[in-house]
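Numbering starts at 1 and runs along the sequence shown.
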Amino acid sequence: ANQAGGDVFVSVHANWHQDSSIRGAETYYYSSGGSGLAQSIQSELVNQSGSINLGVKFGNFYVLRNTVMPAALVEVGFLSNAREAELLTQQWYQERVARGIYFGLERYFAGR
């Protein structure tokens, strides 16, 4: 991402927790520049997917702290939760998640 000179960096993941009842979406940032990006993506992701909002959080992840542009790591759901794992295999749900991330990016860039 740094070599490509991107305006932002977004890393998309599926989460896991020992407690299989945990579900929802959360988005992480490392720098203050990534905070607004994470907020925009999380808001739109939850809006489009209907996922439980687990919030925006600081995360000391390699992909976040080593990018020079605003960066966000998006956890779109928990594979450890049977319901979310099933949803994440469905094309219609994947499209809602993708739309949420896209609208979050639009919102972020519109506010800059």
A.B. asks: For E26 and Y28, does a side-chain donor sit closer than 3.5 Å to a side-chain acceptor?
C.D. replies: yes
A.B. asks: Between S80 and S20, is there a donor-acceptor pair closer than 3.5 Å when you use the side chain of the first and the backbone of the second?
C.D. replies: no
A.B. asks: Please confirm whether the backbone N or O of N53 pairs with a side-chain atom of Q42, one donor and one acceptor, at under 3.5 Å?
C.D. replies: no
A.B. asks: Looking at E84 and R23, is there a salt bridge between them, counting it only when a charged N and a carboxylate O are closer than 4.0 Å?
C.D. replies: no
A.B. asks: Look at the side chain of N15 and the backbone N and O of G77, then say whether any donor-acceptor pair between them is shorter than 3.5 Å.
C.D. replies: no
A.B. asks: Does the Q94 side chain pair with the main chain of L88, one donor and one acceptor, at a distance under 3.5 Å?
C.D. replies: yes
A.B. asks: For a quick test of reading the model, state the closest non-hydrogen atom pair linking L64 to Y30 and the distance between them.
C.D. replies: CB-CB, 3.6 Å
A.B. asks: Would you find more than 12 non-hydrogen atoms of other residues, nucleotides or ligands less than 6.0 Å from Q90 atom CD?
C.D. replies: yes
A.B. asks: Do the side chain of S43 and the main chain of S40 share a donor and acceptor less than 3.5 angstrom apart?
C.D. replies: no
A.B. asks: Take atom CZ of R65 as the centre, draw a 6.0 Å sphere, and report whether it contains more than 12 heavy atoms from other residues, nucleotides or ligands.
C.D. replies: yes
A.B. asks: Once you round to the nearest 0.5 Å, how far does CZ of R107 lie from CG of L37?
C.D. replies: 12.0 Å
A.B. asks: More than 12 non-hydrogen atoms from neighbouring residues, nucleotides or ligands closer than 6.0 Å to CZ on F109, yes or no?
C.D. replies: yes
